[in-house]
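Working notes for the structure below.
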Amino acid sequence: MALQLYNTLTRAKEVFVPVDASHVRIYCCGPTVYSYAHIGNGRTFTAFDLLARVMKHLYPTVTYARNITDVDDKIMDRAKALGQSIETVTETTTAQFHADMDALNLLRPDVEPRATGHIDAMIAMIERLIAGGHAYAAEGHVLFNVPSMPDYGRLSRRSQDEMIAGARVEVAPYKKSPADFILWKPSAEDQPGWDSPWGRGRPGWHIECSAMTAAHLGPVFDVHGGGLDLIFPHHENEIAQSRCAHGTPVMANYWVHAGFLTMSGDKMSKSLGNIFTVAELLDEVPGEALRLALLQAHYRQPLDFSKEGLRQARATLDRWYGVLRAAGTVPAAKVPDEVLAALEDDLNTPLAFSLLHELANRFHKETDEGARRAVAASFKAAANLMGLLTQDPEAWFRWTPKGAEGLDEAAIQAAIQARKDARAAKNFAEADRIRKDLLDQGVVLEDGPQGTTWKRA
RNA sequence: GGCGCGGUGGCAGAAUGGUGAUGCAACGGACUGCAAAUCCGUGAAUCCGGGUUCGAUUCCCGGCCGUGCCUCCA
């Protein structure tokens, strides 16, 4: 089976054919670093992390690029509100972003370009667009001229007439066409800016991705994506800029968009304020449980986020880590074909998880030790491909929420020993008292053939 | 108003033109000193109305409900 992806450009699931099978190149629109990432951001980046992992499994060389947008008016506003420099805001937010994504067990992208590092490339690209008749300067601004591109709107399936008719924004007087969008805008004295042929200014929102993808992945690459809400205007405008600057029929061959996370039905977004940040959730649940919860629905489906979903994800990981704990050291193995096939089918994680459950079940039922180890090995390989079950099982079972550390391990071990003595003396009342006492402090005991193990509730 | 997405058991969530995965929860049993974990078993679902078809949850049309984009947004 070959990798298939749903392509927003064609609105159909397609077999993935790389531009160059010896070097696959994918790009995901990264964060604007002005505030902490919320769990909805986490979902999109987790989906792309999974795509990158699957592609790296299938192809010898994959470059996965995810940018950092570190010049933006929201950052300027944030810096002003905090009384901090823009650099302080972008650096601290970027550091937190990295910590959050690490906790979700995302691989670092191979390239993480920053907008401020590509200003020259943006200016060069804008100059090419002007030279080609696709952009014009007006009152210190440079605008992309949408009517200069006959098939503008292909990705979002909007006609130019529709956009003009539906425009809810007041049209700036310097625009030749209401649909035209900003490539470069002037900066006031107290705003960040760079010298350009059009005076001191800063880039518009979309041009950075066009410049950065061209610099790191080339004018035409394999996959580009992000959240559903980026289809219009962001990705549409990126396509316009890149194709008109490079004279190519496409910018990327496959456009992949992740669905939204909702909070009891409503979209979770910074502007609605109904958000959980990744950082705050990490105080309550292990990052891996968060990762699993985010992958539990297919990436394009709406996912209603809830604490119940997190509880379930954690319970599932308890079960799965229980397999690894019981299996002991597990040898490396090949990812089972069915699991790979599920992931190759447009990243069907729910189907892949059902297969993991079946493997876990088979492990527990298997009586032959060799076969048991083989099942455990396949199980682990499959989970690892999805960025799961990568830590030591004991570390998983000992995770504690922030501020609820409770008993230390020595005290737990001492209590387990005391209970063992009581049981040996058939003093079950005392043994049960000790177990209840530990349970009250968040420690669950399990008596097995190899002795008593424990985990944090 | 334009464009789009979704509606599957109590909950989460796949798949499918012909007996509808999987997990959580519930219930019964095995195991256990009792539990936990694990295993075995039980009950439980395709929004409504038309159409196409031998047959529709799946395809088409209409409706209802929910939700997203069209403005910053993953």
Side-chain angles (χ1 to χ4, degrees), chain A residues 8 11 28-32 34-35 37-48 66 72-74 77 153 156-159 161-170 179 205 225-234 236 257-262 264-272 275 292-306 308-309 311-316 318-320 322-323 325-326 342 345 348-358 360-361 363-365 422-423 426-429 431-432 435-436 439 444-449 452-455 457:
Chain A
T8 306
R11 310 283 159 113
C28 173
C29 281
T32 300
Y34 70 103
S35 69
H38 62 63
I39 189 66
N41 303 123
R43 183 192 195 188
T44 297
F45 298 136
T46 301
F48 274 84
R66 187 186 64 207
D72 182 275
D73 288 4
K74 289 191 293 294
D77 296 344
S156 58
R157 310 222 163 169
R158 289 159 206 274
S159 74
D161 291 344
E162 275 167 12
M163 282 178 291
I164 292 164
R168 282 199 252 147
V169 243
E170 210 172 310
W205 177 28
L228 210 55
D229 53 350
L230 294 184
I231 294 173
F232 188 89
H234 187 51
E236 195 71 76
H257 291 97
F260 280 123
L261 211 61
T262 56
S264 23
D266 289 330
K267 173 186 170 183
M268 175 187 288
S269 76
K270 289 179 183 176
S271 41
L272 287 177
I275 62 168
L292 179 60
L294 292 174
L295 292 173
Q296 249 167 356
H298 180 86
Y299 76 92
R300 283 190 285 113
Q301 294 299 115
L303 172 63
D304 200 49
F305 187 78
S306 68
E308 168 58 19
R311 190 203 61 74
Q312 269 200 37
R314 214 179 150 192
T316 297
D318 276 343
R319 176 171 160 80
W320 288 351
V323 171
R325 178 189 247 181
D345 185 11
N348 191 338
T349 49
L351 185 57
F353 291 150
S354 78
L355 296 166
L356 282 184
H357 276 113
E358 280 173 21
N361 195 250
F363 170 83
H364 281 120
K365 279 196 283 200
R423 292 179 74 206
K426 301 270 192 245
N427 184 354
F428 295 120
D432 291 350
R435 185 171 63 197
K436 176 70 163 54
L439 182 62
V444 178
L445 298 188
E446 295 172 13
D447 297 329
T452 299
T453 57
W454 63 275
K455 66 178 185 185

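Predicted, not measured: the structure shown is a model, and the values here were computed from it. Order of the sequence lines sets the chain letters (A, B, ...), proteins ahead of strands, with each chain counted from 1.
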Exercise for review: Could you work out the separation of B/rC39 and B/rG49 based on their P atoms and round it to a whole Å?
Suggested key: 41 Å
Revision key, fill the gap. pair_partner(B/rG17), Watson-Crick or wobble, both distances < 3.5 Å, evaluates to none
Practice item. Please state how far atom NE2 in A/H234 lies from atom P in B/rC72, giving the value in whole angstrom units. Key: 11 Å
Practice item. With sequence neighbours left out, write down each residue that passes salt bridge (Lys or Arg N to Asp or Glu O under 4.0 Å) with A/R319, or none if nothing qualifies. Key: none
Review point. Do A/R158 and A/E236 touch side chain to side chain, with heavy atoms closer than 4.5 Å?
Key: no
Practice item. Report the base-pairing partner of B/rG9 (Watson-Crick or G-U wobble, both distances below 3.5 angstrom), or none. Key: none
Point to revise | Euclidean distance for P, B/rU16 against B/rC60 (whole angstrom) | key: 15 Å
Review point. Can you name the salt bridge (Lys or Arg N to Asp or Glu O under 4.0 Å) partners of A/D432, sequence neighbours left out?
Key: A/R435
Using a cut-off of under 3.5 Å, enumerate the N/O to N/O pairs linking the protein to nucleotides 10-14 of chain B.
from   : atom 1 : to     : atom 2 : distance (Å)
B/rA14 : OP1    : A/H298 : N      : 2.7
B/rA14 : O3'    : A/N348 : ND2    : 3.2

**Study point:** Side chain to side chain, A/T262 and A/L303, heavy atoms closer than 4.5 Å
**Key:** no
Revision key, fill the gap. The nucleotide from B/rA35, B/rG33, B/rU22 with an atom nearest the side chain of A/R435 is B/rA35
Exercise for review: Between B/rU46 and B/rG9, how far apart are the C1' atoms? Round to whole Å, please.
Suggested key: 10 Å
Point to revise | Nucleotide B/rU22, atom P - distance to CG of A/L355 in whole Å | key: 11 Å
Exercise for review: Ignoring the backbone of A/R423, work out which of B/rG33, B/rA74, B/rA35 is nearest its side chain.
Suggested key: B/rG33
Check your understanding: Residues in salt bridge (Lys or Arg N to Asp or Glu O under 4.0 Å) with A/R423, at least two apart?
Key -> A/D447
Practice item. Between A/A315 and A/A429, name the one whose nearest nucleotide on RNA chain B is closer to the 5' end. Key: A/A315
Review point. For atom P, what is the distance between B/rC47 and B/rA14, given to the nearest Å?
Key: 15 Å
Point to revise | Residues which pass salt bridge (Lys or Arg N to Asp or Glu O under 4.0 Å) with A/R43, listed by chain and number, not counting sequence neighbours | key: none
Point to revise | P spacing across the pair B/rC48 / B/rU8, given as an integer number of angstrom | key: 11 Å
Exercise for review: Check every strand shown and say whether A/G322 touches a base, only sugar-phosphate, or nothing at a heavy-atom separation below 4.0 Å.
Suggested key: nothing
Study note, to complete from the structure: When rounded to whole Å, the CD1 to P distance for the pair A/I231 and B/rC69 reads 11 Å
Study note, to complete from the structure: Paired to B/rA26 by Watson-Crick or G-U wobble criteria (both distances under 3.5 Å) is B/rU42
Listing time: all N or O pairs from protein to nucleotides 36-43 of chain B that are below 3.5 Å?
from   : atom 1 : to     : atom 2 : distance (Å)
B/rA36 : N1     : A/D447 : O      : 3.2
B/rU38 : OP1    : A/R319 : NH1    : 3.4
B/rC39 : OP1    : A/R319 : NH2    : 3.4
B/rC39 : OP1    : A/N361 : ND2    : 2.8
B/rC40 : OP1    : A/K365 : NZ     : 2.8

**Study point:** Euclidean distance, atom CG of residue A/L228 to atom C1' of B/rC5 [Å, nearest integer]
**Key:** 8 Å
Review point. Can any side-chain N or O of A/N41 pair as donor or acceptor with the backbone N or O of A/H38 at less than 3.5 Å?
Key: yes
Review point. B/rG29 and B/rC65: how far apart are their P atoms, nearest whole angstrom?
Key: 47 Å
Check your understanding: Quantified in whole Å, what is the C1' atom distance between nucleotide B/rA44 and nucleotide B/rC11?
Key -> 12 Å
Check your understanding: Side chains of A/L351 and A/D345: does their closest heavy-atom pair fall under 4.5 Å?
Key -> no
Check your understanding: Taking only residues two or more places apart in sequence, or in another chain, which ones meet A/D73 in a side-chain hydrogen bond (donor to acceptor under 3.5 Å, both in side chains)?
Key -> A/K185, A/R202
Point to revise | Whole-Å distance separating the CG atom of A/L292 from the C1' atom of B/rC24 | key: 12 Å
Check your understanding: Which nucleotide, B/rC69, B/rA74, B/rA35, lies nearest any side-chain atom of A/F232?
Key -> B/rC69
Review point. Rounded to the Å, how far apart are A/L261 CG and B/rG6 C1'?
Key: 15 Å
Check your understanding: Which pair of non-hydrogen atoms, one from A/A47 and one from A/Y299, has the smallest distance, and what is that distance?
Key -> CB-CB, 3.9 Å
Exercise for review: Identify, between A/S354 and A/G259, the residue whose nearest nucleotide on RNA chain B lies closer to the 5' end.
Suggested key: A/S354
Review point. Rounded to the nearest Å, what distance is computed from the CH2 atom of residue A/W320 to the P atom of nucleotide B/rC24?
Key: 10 Å
Point to revise | A/N348: partners by side-chain hydrogen bond (donor to acceptor under 3.5 Å, both in side chains), with sequence neighbours left out | key: none
Review point. Is a donor-acceptor contact shorter than 3.5 angstrom present between the side chain of A/D432 and the base of B/rG33?
Key: yes
Exercise for review: Tell which nucleotide pairs with B/rC34, taking only Watson-Crick or G-U wobble pairs whose two distances are both under 3.5 angstrom.
Suggested key: none
Check your understanding: Over how many whole Å does the gap from A/D229 atom CG to B/rC5 atom C1' extend?
Key -> 14 Å
Practice item. State the pairing partner of B/rC69; accept Watson-Crick or G-U wobble contacts with both distances under 3.5 Å, and report none otherwise. Key: B/rG2
**Study point:** P atoms of B/rG63 and B/rA12, separation to the nearest Å
**Key:** 27 Å
Study note, to complete from the structure: Residues passing the ring pair (Phe, Tyr, Trp, His ring centres under 6.0 Å) test with A/H357, sequence neighbours excluded, are A/W320
